[in-house]
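Structure first, commentary second.
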Amino acid sequence: MNYNHREIEKKWQKYWLENKTFKTDVHSDKKKMYILDMFPYPSGSGLHVGHPEGYTATDIVARMKRMQGYEVLHPMGWDAFGLPAEQYALDTGKNPAEFTQKNIDNFRRQIQELGFSYDWDREINTTDPNYYKWTQWIFIKLYEKGLAYMDEVEVNWCPALGTVLANEEVIDGKSERGGHPVVKKPMKQWVLKITEYADRLLEDLEELDWPENIKEMQRNWIGRSEGAEVTFKVKDHDESFQIFTTRPDTLFGATYAVLAPEHDLVMKIVTEEQREAVEAYIEEVKNKSEIERTDTTKEKTGVFTGAYAINPVNNKEIPIWIADYVLKTYGTGAIMAVPAHDQRDYEFAKKFDLPIVEVVKGGDISQEAFVGDGEHVNSDFINGMNNEEAIETMINWLEENGIGKRKVTYKLRDWLFSRQRYWGEPIPIIHWEDGTMTTVPEEELPLKLPEMEEIKPSGTGESPLANNEAWLTVVDPETGKKGRRETNTMPQWAGSCWYYLRFIDPHNDEALADPELLKKWLPVDLYIGGAEHAVLHLLYARFWHKFLYDIGVVPTKEPFQKLFNQGMILGENNEKMSKSRGNVVNPDDIVRSHGADTLRLYEMFMGPLDADVAWSTDGLDGARRFLDRVWRLIIKEDGTLSDRIVDEPTENLEKVYHQTVKKVTEDYENLHFNTAISQMMIFVNECYKQEKVSKEYIEGFVKLLYPITPHIGEELWQRLGHEDTITYEPWPTYDASKLVEDEVEIVIQVMGKVRSKMTVPRDISKEELEEKALADEKVKKWIDGKTIRKIIVVPGKLVNIVAN
RNA sequence: GCCAGCGUGGCGGAAUUGGCAGACGCGCGAGACUCAAAAUCUCGUAUCCUCCGGGAUGUGCCGGUUCGACUCCGGCCGCUGGCACCA
């Protein structure tokens, strides 16, 4: 008889909820273990089969750790602000809160039906005023420390979404969500000074147990580069400009300078003859899309300004051009061009017939720019030096002469933090009629989102909150001064920047969390989620965490000690699952047909956790077949215990049992669930070959299986005669001495090819082993008539005879 | 273009201080049980050759180091992810 998953799963889910089996005692004396999932955005379409992959992985570790005697914190919550709810509200005019609540309820049901061991008393929701009160509080602290400021910036305005997007949310000139066109537009916006933390965000990556590729992505994103800033004077003007270069050693080869078309200086220095051409070019660039501008394959364009700069190292006059390959937003927005040693400058110089002067030997500058290391020439006091020495010497010279200085720049920009949306945390700022602005007093937090009859665009580019006069207007009770509330709200990332802190102390009214508890529970020991959050969420959360560390709120420099990214589950046709492709698998269907345990087991068995693997219905059936096989091994047709299970020891299974305990324990620890499962299959296969299996081994096996398939685990544990949940039973241990065999099989190779095998005592000497190998009949055949040149003996493994 | 990762049977995948390639599962084949089928249990299953003892080949391709290479080194090809005129 196969087991009835519907009955059993429901039974244990009810038991766990009613008994609060997974409630965390944060004050416990046990060793702590904080195991976290990236909390989901509760979308209207519900969970898809990708979600349970990461959730199952953390659940397995959490359940094992509880059995190993740890106090485990394993919570779940909802990242519930977000664009889909906003758009739903705009479409229907309804309050997104209701819609969001419905989605959350559905997500919670689905997650509970999968049997994850969350402490539901710690559930949090970023849209709950009691939660976002503290999101707003953190914003106020950032503002007080000068890390949140307003700036007129060229922003990515998305007319279709009616909002501004961060650079990271724009992909190929289109919005990440929805794929709508995005244009540049100057607007007054809130910005967070993440650049102030660039170096620390970079350096502290070293200490983290994260996948190397994610660290690398963050490093690239931060994009630190060392070089020098050099001042160039403009001829016949009382003006100068700074350039940034990583190759100050090539200053003698600078034959022209280029300003970004948007550079402030351009209109001041342009000559009358060139004015028209320059203005036309600026206009042209403005109308170019982001994609066009950043297309590296296109030909270089640019216009001469008519003005000249003085190269400070040799006082030569060099022409100043403008070109769109120089970006206003990087470095100083101006460069010195060294065509002989920079490919972009080379292309530009070739096109506009500008001089090319070699200053580093080693390439052929009639063919291409030479960017390698070499001896410097035509360079006065750095002639003869190589790159490194020349760079150092030049920077020192620039500093001594007050012309330039050592400088580090970053690709990372400050974080554009405001959104013109209703469905987000209100930014707690009041703009007063006298032009000043203040934060909302802390005791007035949370500044709640007003309930609105109808949510519709303001028409001014402001958020729908601008329509709500009552909420908008503030009067200072003391002075009678009038003010207007900030209508921008925070981006979705805000709530997810610190939720892992709130889980530690979710109901605290006095502080975002009790400092003592933060001290005890930070950092997160294991954090699992999708790789799509490699830069954005993880970088922003690290930034906030470091800020909170600086103001003494959190005790650690980093939030997430160990990070792992689960892979994607693809459709059966090997393509990404999507409604339009019609290859989406709904977990609800699988829970009904095969059971949650089967789904969990299958997803863990598909392959390594970080791999992208295609869904397979046959594979799913196979997972269920294994669970049925386990069930039948232990339970008879009539529901009682199998006669196979005996109280006395069964020595035949001793070795494989201890091997299984060892391998499964180690594999769980390393998140190698697929190989742990295959080891358990081997154990079950062995049990089927035996007439008797000791109860001790079966109970140990049930404990090993339980973290992956907890419902069947609990049920079998109960049927084995236990009253309490298996959750806090001690984890099985293995005896290493049971793993070593007295006899080992040795491979005998002749010329590196396996020709024979033999079984010998484990501690046999090298000499004896060699002798035995040479005496082997099959080996004799292969070495007959040949001269033995050499014999390699690896004790316990092999003998290789070299003969010809 | 740059950076990172990957490439193993019909399929998902195992195997790393260099030491039996293909564990485990799927699929497929055979047998047992059955009136029969399903389910279940057992066995087989990289490719080619074979006198059925065995032999040869094989981890993307080419070359190298080594007694011995999926593993290390050099060069190439392909795929995936990230970044991209970043000075």
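Keep in mind that the numbers below use all heavy atoms, side chains included, and drop hydrogens, waters and symmetry copies.
- Taking every side-chain heavy atom of A:N213 into account, B:rA4 is the closest of B:rA4, B:rC20, B:rA87.
- Under the Watson-Crick and G-U wobble criteria, each requiring two contacts below 3.5 Å, nucleotide B:rC72 is paired to B:rG64.
- Nucleotide B:rA30 forms a pair with B:rU42, judged by Watson-Crick or G-U wobble geometry with both contacts under 3.5 Å.
- Heavy atoms from other residues, nucleotides or ligands lying under 6.0 Å from NZ of A:K215 number more than 12.
- By the 6.0 Å and 45° rule, A:K300 stacks over the aromatic ring of A:Y325.
- For A:K411 against B:rC83, a side-chain-to-base donor-acceptor contact under 3.5 Å is absent.
- The cationic group of A:R629 lies under 6.0 Å from the six-membered ring centre of A:Y688 and within 45° of the ring axis, placing it in a cation-pi geometry.
- Between B:rG58 and B:rG13, the two P atoms lie 25 Å apart (nearest whole Å).
- In this model, the phosphate group of B:rG55 is approached by a side-chain N or O of A:R755 to a distance below 4.0 Å at OP1 or OP2.
- Nucleotides B:rG53 and B:rU65 are separated by 37 Å at their C1' atoms, to the nearest Å.
- Between the CD atom of A:Q659 and the P atom of B:rC24 there is a distance of 13 Å, given to the nearest Å.
- Atoms CD1 (A:I708) and P (B:rG25) sit 15 Å apart, rounded to a whole Å.
- Counting non-hydrogen atoms under 4.0 angstrom, A:Q749 reaches a base of the nucleic acid.
- Using N1 to N3 plus N6-O4 or O6-N4 for Watson-Crick, or N1-O2 and O6-N3 for G-U wobble, each under 3.5 Å, B:rA21 pairs with nothing.
- For A:I792, counting side-chain heavy atoms from C-beta on, the closest listed nucleotide (B:rC20, B:rA14, B:rG19) is B:rG19.
- Pairing for B:rU47 is with B:rA56, a Watson-Crick or G-U wobble pair whose two hydrogen-bonding atom distances lie under 3.5 Å.
- In this structure, A:K215 places its NZ atom 13 Å from P of B:rG5, rounding to the nearest Å.
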Return the polar atom pairs (N/O with N/O) between nucleotides 39-42 of chain B and the protein under 3.5 Å, or none.
{"residue": "B:rU40", "atom": "O3'", "partner": "A:R632", "partner atom": "NH2", "Å": "3.1"}
{"residue": "B:rC41", "atom": "OP1", "partner": "A:R629", "partner atom": "NH1", "Å": "2.6"}
{"residue": "B:rC41", "atom": "OP1", "partner": "A:R632", "partner atom": "NH2", "Å": "3.3"}

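- Note on A:T329: nothing from the nucleic acid sits closer than 4.0 angstrom, heavy atoms only.
- The listed nucleotides are B:rC67, B:rA14, B:rC24; the one nearest the side chain of A:T675 is B:rA14.
- Judged by distance alone, with hydrogens and angles left aside, A:K757 brings a side-chain donor or acceptor within reach of the base of B:rC20, the pair sitting under 3.5 Å.
- Residue-level contact check: A:G223 touches neither bases nor backbone, having no heavy atom under 4.0 Å from any strand.
- B:rU45 and B:rG10 have their C1' atoms separated by 11 Å, given to the nearest Å.
- Judged by a 6.0 Å distance limit and a 45° cone about the ring axis, A:R542 is positioned over the six-membered ring of A:W210.
- Atom C1' of B:rG1 sits at a distance of 26 Å from the matching atom of B:rC62, rounded to the whole Å.
- Distance check, rounded to the nearest 0.5 Å: CZ of A:F241 to OG1 of A:T332 gives 8.5 Å.
- Applying the 3.5 Å distance criterion, the base of B:rG1 shares no donor-acceptor pair with the side chain of A:Q343.
- Classification of B:rG9 as syn follows from a glycosidic angle within 90° of 0.
- Across the protein-nucleic acid pair, A:R344 atom CZ and B:rC2 atom C1' stand 12 Å apart, rounded to whole Å.
- In this entry the base of B:rG53 is syn relative to its sugar, with a glycosidic angle within 90° of 0.
- Taking only side-chain atoms of A:L798, from C-beta outward, the nucleotide of B:rG25, B:rG19, B:rA87 with the closest atom is B:rG19.
- For the C1' atom pair drawn from B:rU66 and B:rC73, the interatomic distance equals 12 Å after rounding to whole Å.
- Within 6.0 Å of CD in A:E691 there are 12 or fewer heavy atoms belonging to other residues, nucleotides or ligands.
- For A:R224 and B:rC3, the CZ to P distance is 20 Å, given to the nearest whole Å.
- With B:rA21, B:rC24, B:rG55 as the choices, the nucleotide that has an atom nearest any side-chain atom of A:S678 turns out to be B:rC24.
- Counting distance only, with no hydrogens placed and no angle test, the side-chain atoms of A:N220 and the base atoms of B:rC83 include no donor-acceptor pair under 3.5 Å.
- Cation-pi geometry between A:R600 and A:F605 is not met at under 6.0 angstrom from the ring centre and within 45 degrees of the axis.
- Set against B:rA87, B:rC85, B:rC67, the side chain of A:D324 has B:rC85 as its closest nucleotide.
- Across B:rA87, B:rC20, B:rC67, the shortest atom-to-atom separation from the side chain of A:N800 is found for B:rC67.
- The nearest pair of heavy atoms linking A:I322 to A:V258 is C-CG1, 4.0 Å.
- Both A:M217 and A:M751 lie close to RNA chain B; mapped to their nearest nucleotides by heavy-atom distance, the more 5′-ward contact belongs to A:M751.
- When the P atom is compared between B:rG9 and B:rA23, the two are found 13 Å apart, to the nearest whole Å.
- For A:E216, whose side chain is taken as the heavy atoms from C-beta onward, the closest listed nucleotide among B:rA4, B:rA14, B:rC86 is B:rA4.
- When both pairing distances are held under 3.5 Å, B:rA37 makes no Watson-Crick or G-U pair with any nucleotide shown.
- Among the nucleotides B:rG82, B:rC24, B:rC86, the one closest to the side chain of A:R413 is B:rC86.
- Contacts classified as salt bridge (charged side-chain N to carboxylate O under 4.0 Å, His left out) and involving residues 792-803 of chain A (residues at least two apart or in different chains) are not found.
- Nucleic acid contact class of A:V747 (heavy atoms, under 4.0 Å, all strands): base.
- The environment of A:K351 atom NZ is dense: over 12 non-hydrogen atoms of other residues, nucleotides or ligands sit within 6.0 angstrom.
- When the nucleotides B:rA4, B:rC85, B:rC24 are ranked by their closest atom to the side chain of A:F605, B:rC24 comes out on top.
- Here, B:rA69 and B:rG54 have their P atoms 24 Å apart, quoted to the whole Å.
- Note on A:K797: only backbone sugar-phosphate atoms sit closer than 4.0 angstrom, heavy atoms only; bases stay farther off.
- Summary of the strand contacts: A:G331 and A:P608 both lie near RNA chain B, and taking for each the nucleotide with the nearest heavy atom, the more 5' one is attributed to A:P608.
- Residue contacts for A:V326: at a heavy-atom cut-off of 4.0 Å it reaches a base atom on one of the strands shown.
- Looking at every heavy atom in both residues, A:P339 comes nearest to A:I356 through CB-CG1, 3.9 Å.
- Dashed line: the shortest gap from a side-chain N or O of A:S616 to OP1 or OP2 of B:rC11 is not under 4.0 Å.
- The pairing partner recorded for B:rC85 is none, the criterion being a Watson-Crick or G-U wobble arrangement whose two distances lie under 3.5 angstrom.
- The nucleotide B:rG9 finds no pairing partner, because no Watson-Crick or G-U wobble arrangement with both distances shorter than 3.5 Å includes it.
- Rounded to whole Å, the separation between the C1' atoms of B:rC11 and B:rG19 comes to 29 Å.
- Exactly one of A:T759, A:V793, A:V760 qualifies for a side-chain contact (heavy atoms from CB on, under 4.5 Å) with A:I746. That residue is A:V760.
- Within the structure, every side-chain polar atom (N or O) of A:N674 is placed at least 4.0 Å from both OP1 and OP2 of B:rC24.
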